[in-house]
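Throughout, protein chains are lettered first and strands after them, A, B, ... in sequence-line order, and every chain is numbered starting at 1.
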Protein chains: 2
Amino acid sequence: MNIGQASQASGVSTKMIRYYEQIGLIPKADRRDSGYRDYSPSDVHMLCFIRRARDLGFAVSEINDLLGLWRDKSRHSADVMRIAKAHIERLQERARSLEAMAATLGTLVACCHGDDRPDCPILADLEEPSLIDWSGLKPSSEGALRRQP
Amino acid sequence: MNIGQASQASGVSTKMIRYYEQIGLIPKADRRDSGYRDYSPSDVHMLCFIRRARDLGFAVSEINDLLGLWRDKSRHSADVMRIAKAHIERLQERARSLEAMAATLGTLVACCHGDDRPDCPILADLEEPSLIDWSGLKPSSEGALRRQP
DNA sequence: TCTGCATCTTCCCATCGTGGGAAGGTAAAG
DNA sequence: CTTTACCTTCCCACGATGGGAAGATGCAGA
């Protein structure tokens, strides 16, 4: 199976398949005499696993852990559950952070008449806060979205 | 005012101040004879504006628009409101996407006994979906977090 | 004045996951 | 045999941020 077919079957782009190979997330693919990568059904299986984990927002490093457990037939399901639960926590925290941003901005929008006049509470408050208490929001915006350092 | 002091006063790191200058988000700072950048209180004002907009999750390109309106004394508040509302929509959509991921993963976790046994519905479903309907989740994970291309 | 330290300057590199594209080789169909 | 569709590797870009090196400058104390 060519990389393009593996891509179609798994929903992972060819660029990403090569990238995952390069960073060692997946083992080096077999090569044909031509140099073309050759994928087996079980390789595609693994790519599907990866794609679904990505769809759930797992980082590649976390998927690496999950793949290890996936391959380890003597794994403890508790280990998987721990990773999953921790990930749920992070997802929810990021969602909360986004909602807080939206709510804050909503407050400003509610105060803006939104017409032809130049007077605008949104800009005014960004300039010099009077409506909004920024103390709870400080963690620098997408900082709550970026992985913490 | 040195860049370090402007940084402290505004809460924007020196690295970021130079970066914002480099990409043209803020005008080139005045220089002293020494070559040191020199910031006025109104520069710091602008940096504060930027930081707060970042705290609200605005992308730098959006902040560019907001700064334009901020400086345009004849702006229409409706323009600002439109940008803000669109941003709220995006924030909420990303939050929803994250919550959907968390909920999906929660379903899997709820089915996992989480003990010493190797049997694990989480991995099983990543491998070969049986519990989860992935159709609503497909927009590739953080794709919902990343800016759409 | 000299010394040391803090701060500034520019420049390059890394992150993370993804896409774009060029230059060149191969497979398969017409 | 020609065309086309695919494959290969390699480099570059994004967005926003941080790290660090090498060298210049500012300021305070001896």
Side-chain angles (χ1 to χ4, degrees), chain A residues 1-26 28-39 47 50-64 90 94 138-149, chain B residues 1-26 28-39 47 50-65 87 90 94 97 101 138-149:
Chain A
M1 207 176 200
N2 277 346
I3 195 173
Q5 293 161 320
S7 167
Q8 268 220 306
S10 65
V12 180
S13 73
T14 59
K15 285 276 184 189
M16 282 299 103
I17 295 176
R18 295 194 193 98
Y19 172 71
Y20 292 152
E21 178 180 321
Q22 189 203 319
I23 63 173
L25 181 65
I26 58 179
K28 297 206 172 186
D30 289 343
R31 299 294 184 126
R32 281 187 261 193
D33 295 347
S34 61
Y36 282 23
R37 288 175 180 79
D38 194 16
Y39 295 92
L47 289 170
I50 291 170
R51 183 181 59 75
R52 280 190 281 263
R54 289 292 297 143
D55 286 350
L56 285 175
F58 284 99
V60 166
S61 60
E62 296 168 317
I63 297 178
N64 205 13
R90 271 196 310 270
R94 288 196 274 168
K138 292 223 173 156
S140 189
S141 89
E142 317 247 320
L145 295 179
R146 286 190 302 266
R147 322 232 148 257
Q148 311 296 353
Chain B
M1 207 177 199
N2 277 346
I3 196 174
Q5 294 161 322
S7 167
Q8 269 218 307
S10 65
V12 181
S13 74
T14 60
K15 284 274 182 190
M16 281 302 99
I17 295 177
R18 295 195 194 97
Y19 172 71
Y20 292 151
E21 177 179 323
Q22 189 203 317
I23 63 173
L25 180 64
I26 57 180
K28 297 207 172 188
D30 289 343
R31 299 295 183 125
R32 281 187 262 196
D33 294 347
S34 61
Y36 282 23
R37 287 174 179 81
D38 194 15
Y39 294 93
L47 288 170
I50 291 170
R51 183 181 59 74
R52 280 190 280 265
R54 289 292 298 140
D55 287 351
L56 284 176
F58 283 100
V60 165
S61 59
E62 296 166 319
I63 296 178
N64 206 12
D65 298 343
H87 188 56
R90 272 197 310 269
R94 288 198 275 168
S97 169
M101 290 182 208
K138 291 220 173 159
S140 192
S141 87
E142 317 246 322
L145 294 180
R146 285 188 302 266
R147 322 232 147 257
Q148 312 294 357

Between [N] atom [atom2] and [X] atom [atom1], what is the distance in whole Å?
X	N	atom1	atom2	result
B/Asn2	C/dC8	CG	C1'	7 Å
B/Asn64	D/dA16	CG	C1'	15 Å
B/Arg94	D/dG15	CZ	C1'	12 Å
B/Gln5	C/dT7	CD	P	10 Å
A/Ile17	C/dG19	CD1	P	11 Å

Distances under 3.5 Å between nitrogen or oxygen atoms of protein and nucleotides 21-24 of chain C:
unit_1	atom_1	unit_2	atom_2	d
C/dG21	O6	A/Lys15	NZ	2.4

- Message: I'd like to check the side-chain hydrogen bond (donor to acceptor under 3.5 Å, both in side chains) partners of B/Glu21; sequence neighbours left out, ordered by chain and number.
- Response: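 Applying side-chain hydrogen bond (donor to acceptor under 3.5 Å, both in side chains) to B/Glu21 gives B/Arg37.
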- Task: Please identify each residue that fulfils side-chain hydrogen bond (donor to acceptor under 3.5 Å, both in side chains) with B/Asn2, with sequence neighbours left out.
- Result: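 Only B/Arg32 meet the side-chain hydrogen bond (donor to acceptor under 3.5 Å, both in side chains) criterion with B/Asn2.
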Which protein N or O atoms sit under 3.5 Å from an N or O of nucleotides 2-5 of chain C?
none

Is there a side-chain contact between [X] and [Y] (heavy atoms, below 4.5 Å)?
X	Y	answer
A/Ile23	A/Asn64	no
B/Phe58	B/His87	yes
A/Arg51	A/Leu47	no

- Are more than 12 heavy atoms from other residues, nucleotides or ligands located less than 6.0 Å from atom CD of A/Gln8?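 No, CD of A/Gln8 has 12 or fewer neighbouring heavy atoms, counting only those of other groups under 6.0 Å.
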- Message: Going by side-chain hydrogen bond (donor to acceptor under 3.5 Å, both in side chains), name the pairs with one or both residues in residues 11-20 of chain B, residues two or more places apart or in two chains.
- Response: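 Not a single pair qualifies under side-chain hydrogen bond (donor to acceptor under 3.5 Å, both in side chains).
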- From D/dC6, D/dT17, D/dT9, pick the nucleotide closest to the side chain of A/Arg31?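 In terms of side-chain proximity for A/Arg31, the closest of D/dC6, D/dT17, D/dT9 is D/dT9.
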- Task: Would you indicate which nucleotide in C/dT9, D/dA16, D/dC7 comes nearest to any side-chain atom of B/Ile3?
- Result: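 Of the candidates, C/dT9 comes closest.
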- Item | DNA chain C-proximal residues of residues 18-25 of chain A, any heavy atom under 4.0 Å |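 Heavy-atom cutoff 4.0 Å gives A/Tyr19, A/Tyr20.
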- Message: When you measure from the side-chain N and O atoms of B/Arg37 to the phosphate of C/dT10, is any distance below 4.0 Å, counting only OP1 and OP2?
- Response: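 Looking at the OP1 and OP2 atoms of C/dT10, one of them is under 4.0 Å from a side-chain N or O of B/Arg37.
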- For the helix from C/dT1-D/dA30 to C/dG30-D/dC1, figure out the bend between the end axes, five pairs an end, and round to 10 degrees.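 Axis angle across the helix from C/dT1-D/dA30 to C/dG30-D/dC1, nearest 10°: 20°.
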- Task: Mark yes or no for whether B/Asp38, through its side chain, and B/Met1, through its backbone, hold a donor-acceptor pair below 3.5 Å.
- Result: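 The answer is yes, because a donor-acceptor pair under 3.5 Å joins these two groups.
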- Message: Over all strands shown, is A/Ser13 touching base, sugar-phosphate only, or nothing at heavy-atom distances under 4.0 angstrom?
- Response: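 Touches sugar-phosphate only.
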- Task: Determine the minimum heavy-atom distance between A/Ile17 and A/Ile26, stating which atoms define it.
- Result: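 Looking at all heavy atoms of both residues, the closest pair is O-CD1, 3.7 Å.
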Sort me out a list of protein N/O and nucleotides 26-30 of chain C N/O pairs below 3.5 Å, or just none if empty.
unit_1	atom_1	unit_2	atom_2	d
C/dT26	O2	A/Tyr36	OH	3.2

- Let me know, please, whether B/Gly35 or B/Ser61 comes out on the 5' side of the other along DNA chain D by nearest nucleotide.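 By nearest-heavy-atom nucleotide position, the 5'-most residue is B/Ser61.
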- Query: How long is the span from the CD1 atom in B/Ile50 to the CG atom in B/Leu25, to the nearest 0.5 Å?
  - Reply: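 Reported to 0.5 Å precision, the distance equals 4.0 Å.
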